Amino acid sequence: MPHLSPLPRDFYLQPTPQVARGLLGSLLVHETAEGPVGGIIVETEAYLCAEDPACHAARGRTKRNEAMFGPPGHAYVYRIHQVFCLNAVTAPEDVAEAVLLRALEPTIGVDLMRRRRGVHALKDLCSGPGKICKALGLTLADNGISLLEPPLYACRVPVPERVGASVPDAHIVQTTRVGIHPDKGAELPLRFYLGTSPFISRR
DNA sequence: CGATGGATGAACT
DNA sequence: GTTCATCCATCGT
């Protein structure tokens, strides 16, 4: 598996909704001891610093959300119930914004991901933020690590029919985020997904 | 120090 | 559509 060129640090310094939009069509790869795993990012959500009560950092810096205040292009992994969720940290240091990776189209190490998930159907492997972490072998131990270099990184896909940078706006759906309380910015249109993808977490 | 609740997933009816 | 497993950071007392 050749190392594709990871998206650079500056990519993550764009406005966070733009990063969320821009990650669609890109490839997320985790090179683990058992082999590489990953897939095309098909669903994301932006969490903002200001005017966004749903953001984990909305009430300041804590031990849990510390990674969100760290450098852009790093991972923020947190636990919800009994599962883990992966975010790409955006914005300069001390500005706590991030993009939640909600779903992948599985493409790399599919059988390894199937074993980790205990599920066979491709459409169920990575169709949720907790499923992504389980399939990719990510845990709280990966909180804060870089997304700019192996073993964990996002990159443009060098497959002609899937050049990430060229995902047309017409294929992208922008809507409200999943699982947000009514009084916590539920109405903000900060979720993005590929409208034609069978691999998203929910319609 | 005890209570609370959640950016979920799986298994139900 | 609904329920709930199961954990720990956070917050209130």
Side-chain angles (χ1 to χ4, degrees), chain A residues 12 15-24 28 37 39 41-70 72 74-91 95-106 113-145 147 152 154 173-194 197-203:
Chain A
Y12 297 95
T16 298
Q18 217 165 292
V19 176
R21 156 73 173 83
L23 281 171
L24 296 181
L28 178 70
V37 284
I41 299 170
V42 297
E43 179 182 351
T44 60
E45 287 177 358
Y47 287 84
L48 308 181
C49 181
E51 318 261 323
D52 183 6
C55 181
H56 284 176
R59 288 189 314 230
R61 189 171 187 145
T62 67
K63 180 178 173 184
R64 179 203 195 207
N65 65 29
E66 192 137 33
M68 283 187 92
F69 291 81
H74 282 232
Y76 166 45
V77 182
Y78 68 91
R79 176 181 207 120
I80 174 76
H81 295 263
Q82 63 270 45
V83 304
F84 303 109
C85 300
L86 170 68
N87 295 251
V89 174
T90 60
V95 179
E97 305 201 345
V99 173
L100 173 68
L101 303 182
R102 285 196 55 93
L104 307 180
E105 174 180 344
M113 293 196 286
R114 282 180 170 138
R115 286 200 295 279
R116 288 205 177 116
R117 289 268 299 114
V119 161
H120 185 267
L122 218 52
K123 69 173 177 49
D124 298 326
L125 269 192
C126 300
S127 53
K131 297 176 184 178
I132 290 178
C133 284
K134 190 162 184 191
L136 268 56
L138 296 166
T139 70
L140 230 40
D142 300 296
N143 189 28
I145 69 172
L147 282 171
L152 182 62
V173 176
Q174 179 173 2
T175 182
T176 53
R177 296 172 294 182
V178 175
I180 305 297
H181 263 239
D183 59 340
K184 297 218 169 180
E187 74 292 349
L188 299 174
L190 293 174
R191 175 177 181 227
F192 301 84
Y193 64 86
L194 295 183
S197 176
F199 301 100
I200 63 172
S201 66
R202 70 161 293 220
R203 302 262 152 204

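Just so it is clear, the structure is predicted and the values come from calculations on it, not from any experiment. Below, read A as the first sequence line, B as the second, and so on, with proteins coming before strands; counting in each chain starts at 1.
- OP1 or OP2 of dG6(B) sits under 4.0 Å from a side-chain N or O of His181(A).
- Here Leu100(A) lies in heavy-atom contact (under 4.0 Å) with a base.
- Place Lys131(A) and Glu45(A) on DNA chain B by their nearest nucleotides, and Glu45(A) ends up nearer the 5' end.
- For Ile180(A) and dG6(B), the CD1 to P distance is 10 Å, given to the nearest whole Å.
- Rounded to the nearest 0.5 angstrom, Glu97(A) CD and Asn87(A) CG are separated by 12.0 Å.
- The CD1 atom of Ile132(A) lies 9.0 Å from the OG atom of Ser201(A); values are rounded to the nearest 0.5 Å.
- Side-chain nitrogen and oxygen atoms of Lys134(A) include none within less than 4.0 Å of the OP1 or OP2 phosphate oxygen of dG9(B).
- Under a 4.0 Å N-O distance rule, the pair Asp124(A)/Arg114(A) does not qualify as a salt bridge.
- Listed candidates were dA10(B), dA9(C), dT8(B). Nearest to the side chain of Arg102(A) is dT8(B).
- A straight line from CE of Met68(A) to P of dT10(C) spans 13 Å, rounded to a whole angstrom.
- Residue Arg203(A) contributes atom CZ, which lies 15 Å from atom P of dG1(C) at whole-angstrom precision.
- Straight-line distance from the NE2 atom of His56(A) to the C1' atom of dG6(B): 8 Å, rounded to whole Å.
- Where stacking is scored as ring centres under 5.5 Å apart with planes under 30°, Tyr47(A) registers as stacked on the base of dA7(B).
- Annotation: of the two residues near DNA chain C, Arg59(A) and Arg79(A), the 5′-most nearest-nucleotide partner is Arg79(A).
- dA7(B) is unpaired under the Watson-Crick or G-U wobble criterion, no partner having all donor-acceptor distances under 3.5 Å.
- Proximity of the aromatic rings of Tyr47(A) and His56(A) is defined here by a centroid distance below 6.0 angstrom, and this criterion is not met.
- Comparing dA10(B), dT8(B), dT10(C) against the side chain of Pro129(A) picks out dT8(B) as the nearest.
- In this pair, His81(A) lays its aromatic ring flat on the base of dA5(C), centres within 5.5 Å and planes under 30 degrees apart.
- Rounded to the nearest 0.5 angstrom, Leu152(A) CG and Leu136(A) CG are separated by 7.5 Å.
- As rounded to whole Å, 13 Å separates atom P of dG9(B) from atom CD1 of Ile200(A).
- At a cut-off of 3.5 Å, with distance as the only test, no side-chain donor of Lys123(A) or Ser127(A) sits close to an acceptor on the other residue.
- In this structure, dC11(C) and dG2(B) make a Watson-Crick or G-U wobble pair, each of the two defining distances being under 3.5 angstrom.
- Each of Leu140(A) and Gln82(A) lies near DNA chain C, and the nucleotide nearest Gln82(A) is the one positioned closer to the 5' end.
- Rounded to a whole Å, the CZ atom of Arg61(A) is 12 Å from the P atom of dT10(C).
- The distance between atom CZ of Arg117(A) and atom C1' of dT8(B), rounded to the nearest whole Å, is 11 Å.
- Atom-to-atom, CZ of Phe84(A) to P of dG9(B) comes out at 13 Å; the value is rounded to the nearest Å.
- Taking 3.5 Å as the limit, the base of dA9(C) and the side chain of Tyr78(A) contain no donor-acceptor pair of atoms between them.
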